[in-house]
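Naming: A, B, ... by sequence-line order, numbering from 1 per chain.
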Amino acid sequence: MQPNAERLERMSGMLKRRGVILPAFEIHGGAKGLYDFGPVGGRLRNRVNQTWINHWLALGNIVELSCPTVTPYAVLEASGHVGEFSDFMTVCKGCEEASRADTLLEDYHPNPDALTKDELQTLLDASNPPCPTCDAQDWTEITAQNLMFNTTIGAGSSGRAGFLRPETAQGMFTSFPALLRHNRDRLPFGAIQVGKGYRNEISPRQGMIRLREFNMAELEYFFNPHEDQNHDFSPWMETKLSLVPDGQSVLEATIPSALESNIIRHSTVGYFMAQTYDFLVKVGIDPARLRFRQHEADEMAHYASDCWDAEILGSYGWIECVGIAHRGCYDLEAHEKATGKTLRARREFSEPKVVEIDGWTINGATAGPAFRALAGAVKHALEALDASASFPAKIKLTNGELVEVLPEHVKRVQRTETITGEWYIPHVVEPAFGIDRIIWHILDHAYDDESKEGDDYTVLRLSDHVAPVDFCVFPLFEKDGMGEMARQLHRKLCARPGLVSVYDSSGSIGRRYARADEIGVPRCLTVDHQSIEDQTVTVRDRDTGEQHRVHIDELV
RNA sequence: GCGGAUAUGGUGAAGUGGUAUCAUAGGAGGUUUCCAACCUUUUGUCGUGGGUUCAACUCCCGCUAUCCGCACCA
């Protein structure tokens, strides 16, 4: 543990010194749980994000969204976050002491913890309990406090309550009608979003691991639960992953075999586990320090029916960096209920269903005047009866009222309906990536300060996909035209979209290689005397130190 | 939120009731034909706010941040 802690200190120092990751707002004293990606880290973060986006767009049925971080209260109330993430507070106007509303109302309700904000407010207004501190009975309006950042959308009395989003997912669920239309009503499809999320953590810890503002990248994959997804697992037939099934010890298995033995319960979850494995390895996570752990039933989030975390082993132990959750129809159904809007897709049956309808309904001309306001409820009750019913009869309505229905109020209904399909709520599998945690582990796995025969020498062995700088350009000496030629080459490289080059002419050549290695530049280009003669430069590889000459036209 | 430790140039450290030392890094110049070489020169520091004192980086108190447990959270 001790050498590990020292390595962690050296690494954090380097990350700060070289502008990869720094405490935010440090000149003002800093702020807990908030970090800057500096001049090097900014590029790294961008490349991880872009690699992530490209990884999913390659599937062919994925679109990218960007939704607001400021989110109205109602959205997160519908999703369950207000209930799950918040405590409801009210402040005594007598002594300014804040109390939890559900605690105050324990004497007035069997389970106030389960109430919504509005229900608590109603109950608080009705019961008006005394303040436990000063016995006053005068409370402010209930506000939600806790893990989500509260904000007000708009000014003054016209402002609406809102939050900074705790996850990007809800915007993708609320955009479902637009997504479905874009995909011309055909499932499956996915939506991805990369962006910031916010959680007002009580106690952020462990550097980048628990942040108050963090980068997340989420994919919502919508599919028809009645249909086999037929995922192509052929690329992963031989790839063994470390799996930790619910409450059991670790085992090595391929995804297809784990699906076969029902350790992974759903093929779409398994498919995204495999894709997630590929992504993490692509950006430089060591497969030997990667495992997938299944959530036990009691730790499952409120929306999930099965969940696997990708955990990565680093300086802080095994840390969950990706959650792959089967959310079922939870979210779309929740937003449907809250809004009354339809968030469904249509599926046609392979054979139309022919349904014999044989029962009763009201005769509007007579039942309408007879039952007036109750006519709708009577119709509903009658249609639930089967064909054998006879009239007159006493019918119980849903509101408990008993009405007498006479033969002239009713009509027989006998017809045949052909039903060609139905509307259903799509199911969702959600791989959710904590980008900051992944970046931390990319750095952790890439950081090597024990090479070069025991001497302290630091190399960041980053994957080419995410290295923040592609090339360093060095003149061997800044004279005889070498400096000028190197500068020109540097500018040419920088002019290429997406390419980053750094020019460095100070110090010995060895020192400059060392500086480049420290931030993980994969290749250094050195202009020497021969370059002036024949327009070639040496290309030096970060990991092997090997050099070969290349004509500059091949580079740009 | 509770308990413990810590805070000195960019980084890593030393030190004292009388405004600070070293290494390394950075800039400029020189030297050098490819892996942190060398020479000259230069920049830059006591987390923050109070208190005690003639004088506080040093002693005391608060705050902020960092690290480690516990709790919380996914």
Atom pairs under 3.5 Å: protein N/O with N/O of nucleotides 4-11 of chain B:
{"from": "B:U11", "atom 1": "OP1", "to": "A:Lys16", "atom 2": "NZ", "distance (Å)": "3.2"}

Should [N] form a Watson-Crick or G-U wobble pair with both distances under 3.5 Å, which nucleotide is its partner?
| N | value |
| --- | --- |
| B:U19 | none |
| B:U53 | none |
| B:U58 | none |

Sequence neighbours excluded, which residues qualify as ring-ring contact (aromatic ring centres under 6.0 Å, His included) partners of A:His427? A:His326
For A:Tyr221, all residues meeting ring-ring contact (aromatic ring centres under 6.0 Å, His included), sequence neighbours excluded: A:Phe272
Kindly say if [X] contacts the phosphate of [N], meaning a side-chain N or O under 4.0 Å from OP1 or OP2.
| X | N | value |
| --- | --- | --- |
| A:Ser508 | B:A37 | yes |
| A:Arg199 | B:C73 | no |
| A:Ser506 | B:G26 | no |

Answer with yes or no whether A:Arg540 presents, from its side chain, a donor or acceptor under 3.5 Å of a partner atom in the base of B:C34. no
Pick the closest RNA chain B nucleotide for A:Arg515 and for A:Gly545 by heavy atoms, then say which residue is nearer the 5' end. A:Arg515
Quote, to the nearest angstrom, the C1' distance that separates B:A65 from B:A56. 22 Å
